[in-house]
Amino acid sequence: MSALTLQLPPVLKLTDEQFEQLAAANQDLQLELTAKGELMIMPPTGGETGNRNFEIYIDLGVWNRQTRLGKAFDSSTGFRLPKGGTRSPDASWVSIKRWEALTQEERKKFLPLCPDFAIELVSETDDVEETRKKMQEYISNGLRLGWLINPKIRQVEIYRPNREVKILDSPATLSGEDVLPAFILDLQAIFE
């Protein structure tokens, strides 16, 4: 099953508050709202994708706990992007400076910013082109580093602002560069 996109007519354009209420009332669904006002309903992941996501969370979480440079988030976290839309990357991270600039109230809701770092892991049900558009959307909203990981073909696309997308075939590891200093993601468990 792939994501379901509902085209909402202009008279049903959801405000940020209405979308948060809709998501809260349907907690069993993973919902995203595009900048165009399309409501995306994402299916649950299968076992392999869930395990790959978990492996990514572990590595990012351990690095973040050791460095304390920011806050890491799972795929359930919504980000209200500056140019519109509310998205939920598979894994993401926000610098501590940007996190501390948020009020207590802002931290409790969908975060009103784009993450500094995001990972999208292509599952069997994902449309790769739609996932690429999502990565470009993150970049246009201020993402500093993004990885689109496609385990099926053992490929990674690296997204950075003002640079061409870099494609790596079968890399063993990925570097967090200057966004996540000294973070290395071992792809062995992801590509198994």
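Counting from 1, the numbers follow the sequence of the chain as shown. Everything numeric here is computed off the predicted structure, so don't read it as measured data.
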With a 4.5 Å limit on heavy-atom distance, are the side chains of [X] and [Y] in contact?
{"X": "Ile149", "Y": "Asp90", "answer": "no"}
{"X": "Asp126", "Y": "Thr49", "answer": "no"}
{"X": "Phe191", "Y": "Pro171", "answer": "yes"}
{"X": "Arg132", "Y": "Glu157", "answer": "yes"}
{"X": "Val165", "Y": "Gln136", "answer": "yes"}
{"X": "Phe183", "Y": "Asn64", "answer": "no"}
{"X": "Asn53", "Y": "Asp74", "answer": "no"}

Could you state the interatomic distance from [atom1] ([X]) to [atom2] ([Y]), rounded to the nearest 0.5 Å?
{"X": "Ile184", "Y": "Leu174", "atom1": "CD1", "atom2": "CG", "result": "8.5 Å"}
{"X": "Ile56", "Y": "Asn51", "atom1": "CD1", "atom2": "CG", "result": "10.0 Å"}
{"X": "Ile190", "Y": "Gln188", "atom1": "CD1", "atom2": "CD", "result": "10.5 Å"}
{"X": "Leu145", "Y": "Asp116", "atom1": "CG", "atom2": "CG", "result": "10.0 Å"}

Next on the checklist: Donor-acceptor pair, distance only, cut-off 3.5 Å: does the side chain of Arg98 make one with the backbone of Cys114?
Outcome noted: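 Checked: pair present.
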Checklist entry - Should the ring pair Phe19 and Phe110 be called parallel, tilted or perpendicular, given that the plane angle runs from 0 to 90° and is split at 30 and 60? => result tilted
Next on the checklist: Quick test of your reading of the model: are Glu55 and Arg52 salt-bridged, counting only N-O distances below 4.0 Å?
Outcome noted: no
Checklist entry - Going by an N to O cut-off under 4.0 Å, is there a salt bridge joining Glu137 and Lys134? => result no
Checklist entry - Taking all non-hydrogen atoms of both residues, which atom of Pro181 and which atom of Trp63 are closest, and how far apart? => result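 Closest approach of Pro181 to Trp63: O-NE1, 2.9 Å.
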Item to check | With sequence neighbours excluded, residues passing ring pair (Phe, Tyr, Trp, His ring centres under 6.0 Å) with Tyr159 | outcome: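 Partners of Tyr159 under the ring pair (Phe, Tyr, Trp, His ring centres under 6.0 Å) test: none.
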Checklist entry - Out of Ser88, Pro112, Ser92, which residue meets the side chain to side chain contact (heavy atoms under 4.5 Å, CB included) rule with Phe79? => result Ser92
Next on the checklist: Does Glu106 have more than 12 heavy atoms from other residues, nucleotides or ligands lying within 6.0 Å of its CD?
Outcome noted: yes
Checklist entry - Is Val62 reachable from Leu60 through a run of I, L, V, M, F, W or Y residues, each pair having side-chain heavy atoms under 4.5 Å apart? => result no
